[in-house]
Every structure is written in C-alpha cells, then in structure tokens.
2 protein chains.
Amino acid sequence: MSLQHALLGVLEARPMSGYDLVQFFDSSTGWIWAAPQSQIYPTLRRMERAGLISGDDEPRGPKLTRTVYSVTPQGRTELEQWLSTPHDPAPPRDPFLVQALNFDEIDVEKAHAVLEQFIAEQEKSADEAEAHRDRLLAKDTMLLKERLTRRDPADHDRIARLKAHVFAGVAAVARTRAEWAREGQRLLTED
Amino acid sequence: MSLQHALLGVLEARPMSGYDLVQFFDSSTGWIWAAPQSQIYPTLRRMERAGLISGDDEPRGPKLTRTVYSVTPQGRTELEQWLSTPHDPAPPRDPFLVQALNFDEIDVEKAHAVLEQFIAEQEKSADEAEAHRDRLLAKDTMLLKERLTRRDPADHDRIARLKAHVFAGVAAVARTRAEWAREGQRLLTED
DNA sequence: TTCTCCATGTAAGAAGTTACATGATTGC
DNA sequence: GCAATCATGTAACTTCTTACATGGAGAA
C-alpha cells in the first residue's frame, strides 16, 4: 500500500509520467522509499483503474506519447485519510542486525571488517540526507519549488522546514547507527 | 534469504521445532526479525531439502511427533560465510517516513496526533530493547544460556556483551526516532 | 550512425501477509 | 469434559526482485 501513497504524495506536488517517477524513486525519494521500474508502471495502471490518479497522454514527437498522471479528487481524499491515520509500525526486518546478532560465531577481524563497511555506508547515507535537508531548507529542489507554487507563500518556510526535518531524521538515525557500530568494533577487540 | 540466516543463527544455539521457532520469531527476535508461522514451516522444509538443516522426529505422546531441526555442517558453513560478508544495505522502505514527508498536506493537529502515537511506540520499543539488553548482560535468557553451554567459558562475558549490544543499538535508534518526532511536533506548531 | 536518454512494458520467481484448517496432549 | 497449549500445515494474495525486451528521439 505504501508505494501507492508515496506515489500520490509525489504526484500531488507535480503531475508526472511513469518515467519521471522511476527516476525519482531511484534517487531523491530513494532514501525514503525505493521502488524499481518494474513495480512502478503496473502500480500506476492499477491506481488509475482504482480512480486514484488519471493519466493524460501527451505527444512527444510524431509517434511517441508519454502518459502524465495526476492525482484525482478521490486520490487526494485517500492520501489525506492515510496521512491522518496512525498505522501499525512495520515489522522489524533488518538483515544487518541478524548479522550483528551472530558476530560471536565468526572471527573478530571479519566482524570488524563488516562493521567497517557498515559505518562507511551509514556515514555516506547521513551525508547525503543532510545535503538534501540543506537543499530543501534553501527551497532548492525542483519538486519542492513546484509544490510551493500551489501553496500560500506564507506557508513556504514552514513547509520547507517540515520536509527538511524528515531528512534530518534519516541523517540522525544513520549517525546513531554508525556510532553504535564503532562501539561494536571496540567491544569486539576489548579484553 | 535473511529469514534463512536468522533461523540458522537461532538453531545454532539450540535445535528447535518449527513450533518453537514460531514462538521465537513472534517475541524475542521479533525485535530484530519478524516472521509469521505460515512462512516459517515451509522455509524449514526448503532448508532441509537444501541440506542446511536436518529434521529429527521426536515422539510426543503415542500419536504426535515434533520435528526438531538442527544445523548441518553445510548450514554452519553457509551461515559463517554469510556472516563474514558485507552485504548491500536493504533498500529504504519505511511507511512512516512517507507519512511524515507529507505532513504539510494535512491539519497540524492530525499530524501532531500521528507523531504522538509514533513517539509512544518508539519509547515502548526502546524500553523493551533495553530490558532485553539487560537480560542478556545478566546471561538470563534461555537461548543465551543454551548457546553458552557450547562455548568456552572464557568467552561467555564477551558473547553476552556482543548480543546485548545489538539490542542497545535497537534502543538507541528508537530513542533517536522518538526525539526526532518530538522535534517534529515543535516544528509543526511553531510560528 | 551510433550512443544516450526517453518511455513503457512483461515474465518468472522469491518473500511476506492474512486467513483458514486440523488434530493431539496436558492440566484443571 | 473443557480449555489452553502443542504442533503442523495449506491457499490465496500482495509486494518486491531480477531480468529481459522494445522502440522513438535527440545529439555528436
């Protein structure tokens, strides 16, 4: 269900083609929700059949067309309803924690190396999230700019801060994980 | 794949029946990896066919039997190999972040309420993880005790600390998320 | 003309969810 | 005798992954 709501949230900012959305879910929002191309196209058609979005065929050259989807009033209602409801937390399913829980079964050096790579990944992810947070605060991303054209200018700063805060959270969690992993490396080698 | 490795990790501590594992993945390890009964039984049979575990039928009363699975040498090798290899990070897929990213689309009070429930969940999850961390440090869980019977007593403290550290990490992340959500509540209402 | 990007699909399979179903055994 | 627990399954469905497949348009 969440992919559908993620798509609605993005299309609410700007109507887009499937191709645009594929790019988007590989990059920016990729830090929040990842989805491959083979999942996005069928989902868009299902959402259109369900009346949540409607597709508009634009000509691109003499033969090619692209289908630009926008959120219908019904889709808008569904999105607002979903956003306003607390949902059960997703069941925990982090392969890395399964790995860490069994580090006592392997050599200290090997566990140390696995943690090293994990730390690098988390730091990189935190850096990227913070960079994106700053771009949002500066209202310097395409999607935010387009979203703001439809909102009261008095709200622009508040909206930018809210979006930025989500990426600040992603970064904070990644830093916490990295620090935890460093502590784990110390535990592996001590005494 | 990860469910299989999670199962191997648990069975390495103690051979268990499918029923035991169902209980286990609903509770303790539920904070690390959750799996329903309908997934566990077929997975065990697939793993047995693959030679990773072997099932031993124990009689329970005159008619009933339970199948106790234990890790084969091949399963042990596979587990060690997987544990020693760094893996690509799991694609981000957190429905709550999708929700938070669109809080500007709904009423402040509604977003505030959703955050309130999120904070309560995270604090609860942090409390539970910390309680489990303490039980592990005190070597006071069934599974850890049984695991330690097969390990050099000189390593017992180190092993307990390593396991406990994983749950300390789960708790730290949950606290970070809760603090982030409180900051989000302040952002919603300010100015 | 060839390469990159635009644009959209399909198919097979693994993983996960929800719900239903059955029977034995133990303890009160 | 009855309830709770032990023990194991199946079926239908959604979601996600991996890989293959096709062709137009624009630029060098």
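- In the set dT17(D), dG9(D), dA7(C), the nucleotide with an atom closest to the side chain of D20(A) is dA7(C).
- The residue among V68(B) and S2(A) whose nearest nucleotide of DNA chain D is located toward the 5' end is V68(B).
- Residues satisfying the salt bridge (charged side-chain N to carboxylate O under 4.0 Å, His left out) criterion with D140(A), sequence neighbours excluded, are K145(A).
- Close to dC6(C), at under 4.0 Å from its OP1 or OP2, lies a side-chain N or O of Y19(A).
- In this model, the phosphate group of dT10(C) is approached by a side-chain N or O of R45(A) to a distance below 4.0 Å at OP1 or OP2.
- The list of ring-ring contact (aromatic ring centres under 6.0 Å, His included) pairs with a residue in residues 53-85 of chain A, not counting sequence neighbours, reads H5(A)-W82(A), W82(A)-H87(A).
- At whole-Å resolution of the value, CE in M47(B) and P in dA15(C) are 11 Å apart.
- Using modelled atom types, one finds no donor on one side chain facing an acceptor on the other under 3.5 Å when comparing D57(A) with T65(A).
- For Q23(A) and dC5(C), the CD to P distance is 10 Å, given to the nearest whole Å.
- In this structure, M1(A) atom CE and dT18(C) atom P are separated by 12 Å, rounded to whole Å.
- Counting all heavy atoms, side chain and backbone alike, W33(B) lies closest to P95(A) at CZ3-N, 3.6 Å.
- For R76(B), the salt bridge (charged side-chain N to carboxylate O under 4.0 Å, His left out) criterion is met by E105(A), E12(B), E80(B), not counting sequence neighbours.
- Counting side-chain heavy-atom gaps under 4.5 Å among Ile, Leu, Val, Met, Phe, Trp and Tyr, L64(A) is found in no cluster with other residues.
- Phosphate contact (OP1/OP2 of dG16(C), side-chain N/O of R93(B), threshold under 4.0 Å): absent.
- Between the CG atom of L7(A) and the P atom of dC16(D) there is a distance of 11 Å, rounded to whole Å.
- Straight-line distance from the CZ atom of F25(A) to the C1' atom of dT17(D): 17 Å, rounded to whole Å.
- What separates CZ of R66(B) from P of dT5(D) is a distance of 17 Å, to the nearest Å.
- Counting atom types as modelled, S17(B) pairs no side-chain N or O with a base atom of dT8(D) as donor and acceptor under 3.5 Å.
- Remark: E116(A) engages no residue in a salt bridge (charged side-chain N to carboxylate O under 4.0 Å, His left out) (not counting sequence neighbours).
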Let me have a per-nucleotide readout for nucleotides 20-28 of chain C, 5' to 3', with B, S or -, counting only protein heavy atoms under 4.0 Å. ----SS---
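- Applying the 4.0 Å criterion to OP1 and OP2 of dA15(C), one finds that R46(B) has a side-chain N or O inside that range.
- No side-chain heavy atom of V71(B) sits less than 4.5 Å from a side-chain heavy atom of E78(B).
- The shortest distance between the side-chain N/O atoms of Q39(B) and the OP1/OP2 oxygens of dA15(C) is not below 4.0 Å.
- Residue contacts for T43(B): at a heavy-atom cut-off of 4.0 Å it reaches no nucleic acid atom on any strand shown.
- To the nearest angstrom, P of dT14(D) lies 15 Å from NE2 of H5(A).
- Between I40(B) atom CD1 and dT18(C) atom P the separation is 15 Å, expressed in whole Å.
- In terms of phosphate contacts, Y41(B) brings no side-chain nitrogen or oxygen within less than 4.0 Å of OP1 or OP2 of dG9(D).
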